[in-house]
Amino acid sequence: MDERRGVVTRRDFVRATTGAAVGVSLFGVSWAGQPGRTPRPARVILVRDQQVLDGSHQVDAGVLGRMLGETVTLLAGEKSARDAWRSLVSPADAVGLVPTDHLNPTHGEIVAAVRAALVDAGVPGDRVTLAQGGPQKAEACTALIALPALKAHWLTGIGTVLKNYITFSGHPSRYHGENNDRLGEIWQLPHVKGKTRLVLVDALRPLCDKGPQADPRYMWDYDGLIAGTDPVAVEAVCLKIITARREALKGEPWPISPPPLCVAMADKRYGLGTSRLEEITIERSGPSEGALV
Amino acid sequence: MHPSPSAAGPAIGLPLSLDGWTRPAAVRRIEPAAMFEYMDGAGELYLAYRFDHLDVAEYASGGQGEILVELYWMRSSDDAYGLLSGDWGGEPVALKEARPAGVPRALYGAGLLRIWSDGVYARILASRESEASTRAVLAIGRAIVAGRADPSPPRLAAGLPDAAAGYALRRDTACFLRSHLVLNSAYFVSHQNILGLDRTVEAITARYESALPDGKRHARLLLVRYPNPEAARAALVSFREGYLPETFSAPASAGSAVTHIEDGWAGYRAAGRGVAFVFEAPDREAAASLLAAGVRTLKNAEAPHG
């Protein structure tokens with residue numbers, strides 16, 4: 001990349017891809033290789049249950065509740081979901097839930113289930129709020145739980161984890177198009193940094209092509225929750241799933257375009273987490289068939 | 001539904017009810033300034049073409065789900081075609097008895113019908129796909145296209161070479177565009193607008209694949225028609241600076257060059273207000289042949305309409 005001029009071209013990706021370690025990028029391998037970079041091992045939890053959606057894609061709240069409990073229990077290494085939530089937040093926290101409300105919105109059932117679990121873990125109900133919105137929403141919280149839905153995006157390539165906080169910047173349009181590589185910096189803003197206790201991706205019914213409006217041909221029942229505390233690692237796993245689904249649909253390579261530069265740059269430029277799949281341990285529950293990762 | 005004052009074509013008479021679905025008598029009009037509010041910030045696609053306004057109608061039913069109808073009134077048929085060309089997937093459907101020749105004008109899949117009808121690009125989406133909703137969606141589609149003209153595709157699209165140097169056009173990859181955002185969605189070149197694309201420009205990009213038994217070799221052709229030769233020259237300089245700076249050291253490369261870069265052979269060839277670009281060609285000959293064929297298309301596009 002010509003950092004001085006700020007011009008990023010296809011050639012930059014090809015150059016950086018050649019000989020790089022396996023990861024995620026335009027061509028399915030990482031271009032964010034940084035010799036000497038300290039490894040950032042990360043864990044990502046993937047829980048799937050094919051009973052969570054019915055034939056009309058409606059959510060079974062009971063199944064979802066069990067999946068959510070299993071997800072946080074695996075992530076936190078605790079014996080119960082209640083203990084797991086207590087390891088993530090405290091009753092004194094002002095907890096902001098940050099779902100996505102457009103393109104492929106987060107299922108309301110997931111937001112409701114997380115809220116109920118937090119209350120069950122001792123967080124007063126009036127201290128759990130919906131925090132999607134402007135910077136003041138994040139400022140008002142001491143803890144954030146990111147609840148994006150898994151989807152591609154026509155301007156940023158992928159529009160799941162990193163993009164979920166775009167409105168916290170106060171200037172969302174500044175992070176589209178050529179500036180999508182800067183999405184990671186939003187997570188480092190003073191009113192956001194360090195507050196995210198959990199990234200929980202709604203992968204019940206993802207969208208693998210980019211919109212700007214959802215096209216049902218590119219949605220499928222994946223029946224999953226994906227979680228972690230490293231937002232870049234979770235995004236990298238999401239990207240792998242979307243990429244695999246696209247190739248399976250077309251029967252040939254179908255790279256996400258524009259390339260999701262934000263993922264590698266969140267690692268390389270902002271040190272927000274790891275985008276390298278080889279540094280990510282995926283712990284799974286549920287069927288491996290169709291997991292795509 | 002009211003006629004558009006500026007987009008091509010007559011008024012569209014959407015049925016008030018059909019097979020259990022009904023809609024309010026009034027449709028919702030979305031002007032360009034309100035597109036981001038309507039689409040939660042995702043309106044750039046439509047504004048990247050020459051967009052006039054959007055009409056929205058929502059059909060409700062008793063237990064069969066909803067049907068959303070969006071009519072994007074564009075400034076020209078070419079712009080509506082461009083929106084459809086972003087994705088040629090889905091099942092082609094004939095909405096008129098006399099089906100226009102050439103590329104599909106309506107594509108259906110999983111409850112979504114997309115239509116190019118003169119200056120209108122339409123999306124009709126059933127929230128719940130069923131035999132009944134499919135019938136209703138197609139009936140609405142037929143109402144949309146009834147009595148409307150079926151202009152030819154943009155000349156650049158119609159004139160794309162079918163093949164060059166043993167490389168065959170993949171019609172399902174041909175995307176007509178005016179914006180670098182749309183180009184990057186079809187084929188990533190640069191996050192910056194180094195080709196000087198805007199709504200005064202018309203462009204098409206498509207993939208070409210080898211007809212040889214290995215079937216794995218491919219190249220990408222991009223044809224751009226600028227409003228005038230000066231704009232074309234300025235854009236070409238910008239492209240060379242941003243993408244192929246090595247061409248400045250080569251003699252006689254101001255208007256044409258082919259060079260080997262990281263992912264194959266890339267090049268360009270200017271012709272009046274048009275410029276042909278090629279990317280990822282596996283060899284110099286393929287790149288040169290595709291550029292030559294592209295320039296012929298650009299020149300033909302300048303010829304008076306017969």
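Only this structure's heavy atoms are used, side chains among them; waters, hydrogens and symmetry mates stay out.
For B/Tyr46, the part lying near chain A is the side chain, with the backbone staying farther off; criterion is any non-hydrogen pair under 4.5 Å. A/Ala152 does not touch chain B: none of its heavy atoms, backbone or side chain, sits under 4.5 Å away. Residue contact with chain A, scored on non-hydrogen atoms closer than 4.5 Å, involves the backbone and the side chain of B/Leu244 alike. For B/Leu183, no part lies near chain A; criterion is any non-hydrogen pair under 4.5 Å.
Contact check on A/Arg217 versus B/Asp87 returns a salt bridge, with a Lys/Arg side-chain nitrogen under 4.0 Å from an Asp/Glu carboxylate oxygen. For A/Arg10 and B/Glu280, the salt-bridge test passes: some basic side-chain N is under 4.0 Å from an acidic carboxylate O. Ion pairing of A/Glu252 with B/Arg170 is present here, as a side-chain N (NZ or NE/NH1/NH2) and a carboxylate O approach within less than 4.0 Å.
Annotation: A/Arg174, atom CZ; neighbour count of heavy atoms from other residues, nucleotides and ligands within 6.0 Å does not exceed 12. Around atom CD of B/Glu246, more than 12 heavy atoms belonging to other residues, nucleotides or ligands sit under 6.0 Å away.
Between B/Ser190 and A/Val7 there is a side-chain heavy-atom pair separated by less than 4.5 Å. The closest side-chain heavy-atom distance from B/Val182 to A/Trp154 is below 4.5 Å.
Taken to the nearest 0.5 Å, the CD atom of B/Glu262 stands 8.5 Å off from the CG atom of A/Asp12. Once rounded to the nearest 0.5 Å, the distance linking CZ of B/Phe188 with CG of A/Leu261 reads 7.0 Å. In this structure, OG in B/Ser185 is found 7.0 Å from CG in A/Asp209, a value given to the nearest 0.5 Å.
Note: B/Arg114 leads B/Arg114, B/Glu129, B/Arg128 in heavy-atom pairs under 4.5 Å with chain A.
Side-chain atoms of A/Arg11 come within 3.5 Å of backbone atoms of B/Tyr243 as a donor-acceptor pair (strictly under, hydrogens ignored).
Across all non-hydrogen atoms, the minimal contact from A/Ser257 to B/Ala186 is OG-C, 4.4 Å. Residues A/Pro216 and B/Ala110 approach most closely at CG-O, 3.1 Å, considering heavy atoms.
Checking each of B/Asn184, B/Val189, B/Leu181 against A/Pro258 for a side chain to side chain contact (heavy atoms under 4.5 Å, CB included) leaves exactly one that passes, namely B/Asn184.
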Going through the checks in order, is the side chain to side chain contact (heavy atoms under 4.5 Å, CB included) test met by A/Gln213 and B/Glu70? CA-CA 11 Å; A/Gln213 295 129 304; B/Glu70 294 174 319; 3.0 Å; yes
As a quick check of understanding, evaluate side chain to side chain contact (heavy atoms under 4.5 Å, CB included) for B/His191 and A/Asn180, giving each step before the final call. CA-CA 9 Å; B/His191 278 301; A/Asn180 90 73; 3.2 Å; yes
